[in-house]
A.B. asks: 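Below is a structure I'd like to ask you about.
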Amino acid sequence: MVRRPAPRALRRLLAAPAGLFAVLARLPGRFTSRLHDERVAAWLGLALGISFLSAFTTGLISHFMQHPPGWAQWPSRPVNLYRVTQGVHVIGGLATVPLLLAKLWTVYPKLWQWPPVRSAGHGARRVLVLVLVGGALFQFATGVLNIAYWYAFRFPFTTAHYWTAYIVIGALLIHAAYQWPKVRRTVLTRRTVTTRSTVMTGPQDAVERRAFLLTVAGASGVIAAVTAGEAFAPLARLAVLAPRRPGLGPQGLPVNKSAAAAGVTAAARDPGWRLTVTGRVRADLVLTLDGLRALPQHSARLPIACVEGWSAEADWRGVRLRDLLAMAGADDDAPVRVESLQRGGIYRTSRVDPPHRHDPLTLLALDLAGEPLTLDHGHPCRLIAPNRPGVMQTKWVHRLVVL
Ligand SMILES: Nc1nc2c(c(=O)[nH]1)N[C@H]1C(S)=C(S)[C@@H](COP(=O)(O)O)O[C@H]1N2
Ligand SMILES: [Mo]
């Protein structure tokens, strides 16, 4: 039998993997910048590790403030605690983006290691890095889209962001444990080591390395500077990247959800509006707006601290929540559910646990900045309490249910 040569197309097809291999194997040689360096990677890794741990901790604080586990209650003081933790979460998170990009660029040649898997352990470490990088990019992308109010994704942001955080931090801890010797060798000691050709040891290299790291730190600093004003009023004019700014909005305060968007305009304007205190009370209490105004009024200067990072202080005035609950004869230790006129949406109600319930600064506010609340800020009345996420400062309140 005569063996005919394989058709040309088939030969090409067979040659393709070999060709691809040759291209890939040559690629690392093209990463000529001497900044693809172990020490640069270690410095960036250390900064990223600290930043991720900070984001994780402040993220957990925000999550558990909104979904308190049965056995723990958040204190209502210090007044600005949540404002600070959430500012650190969002502004710190944004400032981390240049660090992550620089780190990915620095270690990029490693992604082209050939062969891709050298052993089971090596393969596992590479999968871990893939999870870490993928998870981190996901957290940044969804976080940035969320604070820009661009809900481009179909899944619920908070749930996805919360659960991915555990995956990222788990992968990070294992990665950090594995990389720690490198960090110690390169960052935490002064000794110069010469391993592969990518390690830079000369004085010129040190200058180059420092310049690169300073540039990255500078980029982080610039991002922080142009967003910090969304939470820190003295920098408000610099906050060109912030979606909300203190001082901008009706009564000098930004609005996240307007009355129109919440679909409450007619109900909130209805002269027949009543506030009802009900649930586990001695007797239901029903008050008109004039009735509420006839009760002792108290002032409080408190911030709205939105989960999206912006925050702004304002002067509120209204009735203490604890006075209303006492009038209705509510049980002292019971939590309270504050209900809005709003019909749908997850933020139409919020829960007030005893520490906030008893705090004299927790008000059912009627006035803001010396005038009755505008419709968008929650007319006829809204909850305002210290150390509490903005999403739990319920607007257009019409019912308090003692649980
Ligand atoms: N009923 C109701 N209350 C709400 C919201 C909402 O969507 N519905 N949004 C909350 C959010 S996310 C924030 S940050 C604050 C903002 O209050 P402000 O618009 O008066 O600044 O209101 C909160 N109260
Ligand atoms: Mo918010």
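The residues of the chain are indexed from 1 along the displayed sequence. Computed from a predicted model, the values in this text were never measured in an experiment. In each ligand, atom 1 is the first atom listed, and ligand 1 is the first ligand listed.
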A.B. asks: Does even one non-hydrogen atom of R382 get within less than 4.0 Å of ligand 1?
C.D. replies: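 R382 counts as a contact of ligand 1 under the 4.0 Å cut-off.
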A.B. asks: If you count the atoms of ligand 1 from 1 in the order shown, which ones are under 4.0 Å from a heavy atom of N256?
C.D. replies: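 Counting from 1, the qualifying ligand atoms are 12 (S), 14 (S), 19 (O).
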A.B. asks: Only heavy atoms of Q393, strictly under 4.0 Å: list the atoms of ligand 1 that pass.
C.D. replies: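 Answer for ligand 1: 22 (O), 23 (C), 24 (N).
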A.B. asks: List the residues meeting ring pair (Phe, Tyr, Trp, His ring centres under 6.0 Å) with W105, not counting sequence neighbours, and say none if there are none.
C.D. replies: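 Result, ring pair (Phe, Tyr, Trp, His ring centres under 6.0 Å) vs W105: H36, F212.
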A.B. asks: Run through Q393, Q66, R388 and flag the one making a side-chain hydrogen bond (donor to acceptor under 3.5 Å, both in side chains) with S350.
C.D. replies: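 The side-chain hydrogen bond (donor to acceptor under 3.5 Å, both in side chains) with S350 is passed solely by R388 among Q393, Q66, R388.
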A.B. asks: Give the residue and atom name of whichever protein heavy atom lies nearest to atom 10 (C) of ligand 1, and the separation in Å to one decimal.
C.D. replies: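 Residue, atom and distance for the closest contact: G390 O, 3.5 Å.
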A.B. asks: Atoms of ligand 1 less than 4.0 Å from W396 heavy atoms?
C.D. replies: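 Near W396, the atoms of ligand 1 are 1 (N), 2 (C), 8 (N).
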A.B. asks: With respect to R348, determine whether any N or O atom, backbone or side chain, lies less than 3.5 Å from an N or O atom of ligand 1.
C.D. replies: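 No, there is no polar N/O contact under 3.5 Å.
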A.B. asks: Could you establish whether P254 and ligand 1 come within less than 4.0 Å of each other, counting only heavy atoms on the residue side?
C.D. replies: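 Yes; P254 lies near enough to ligand 1 that a heavy-atom distance drops under 4.0 Å.
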A.B. asks: Grab the two heavy atoms, one from R382 and one from H377, that are nearest each other, plus how far apart they are.
C.D. replies: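 Smallest heavy-atom distance, with atoms named: NH1-O, 3.2 Å.
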A.B. asks: Under 6.0 Å from the CZ atom of R77, do we count more than 12 heavy atoms belonging to anything else shown?
C.D. replies: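 Yes, the 6.0 Å shell around CZ holds more than 12 heavy atoms from other groups.
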A.B. asks: Which ligand 1 atoms, with their elements, are less than 4.0 angstrom from a heavy-atom of S340?
C.D. replies: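 The atoms of ligand 1 under 4.0 Å from a heavy atom of S340 are 1 (N).
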A.B. asks: Show me which atoms of ligand 1 lie under 4.0 Å from any heavy atom of K257.
C.D. replies: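 Under 4.0 Å from K257, ligand 1 has these atoms: 7 (O).
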A.B. asks: Using a strict 4.0 Å threshold on nitrogen-to-oxygen distance, state whether D333 and R280 make a salt bridge.
C.D. replies: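 A salt bridge is absent here (no side-chain N lies under 4.0 Å from a carboxylate O).
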A.B. asks: Under the ring pair (Phe, Tyr, Trp, His ring centres under 6.0 Å) test, which residues partner Y149, sequence neighbours left out?
C.D. replies: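 Y149 satisfies ring pair (Phe, Tyr, Trp, His ring centres under 6.0 Å) with no other residue.
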A.B. asks: Report the residue from F157, W163, F155 that forms a ring pair (Phe, Tyr, Trp, His ring centres under 6.0 Å) with F138.
C.D. replies: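 Going through the options one by one, the only one that passes is F155.
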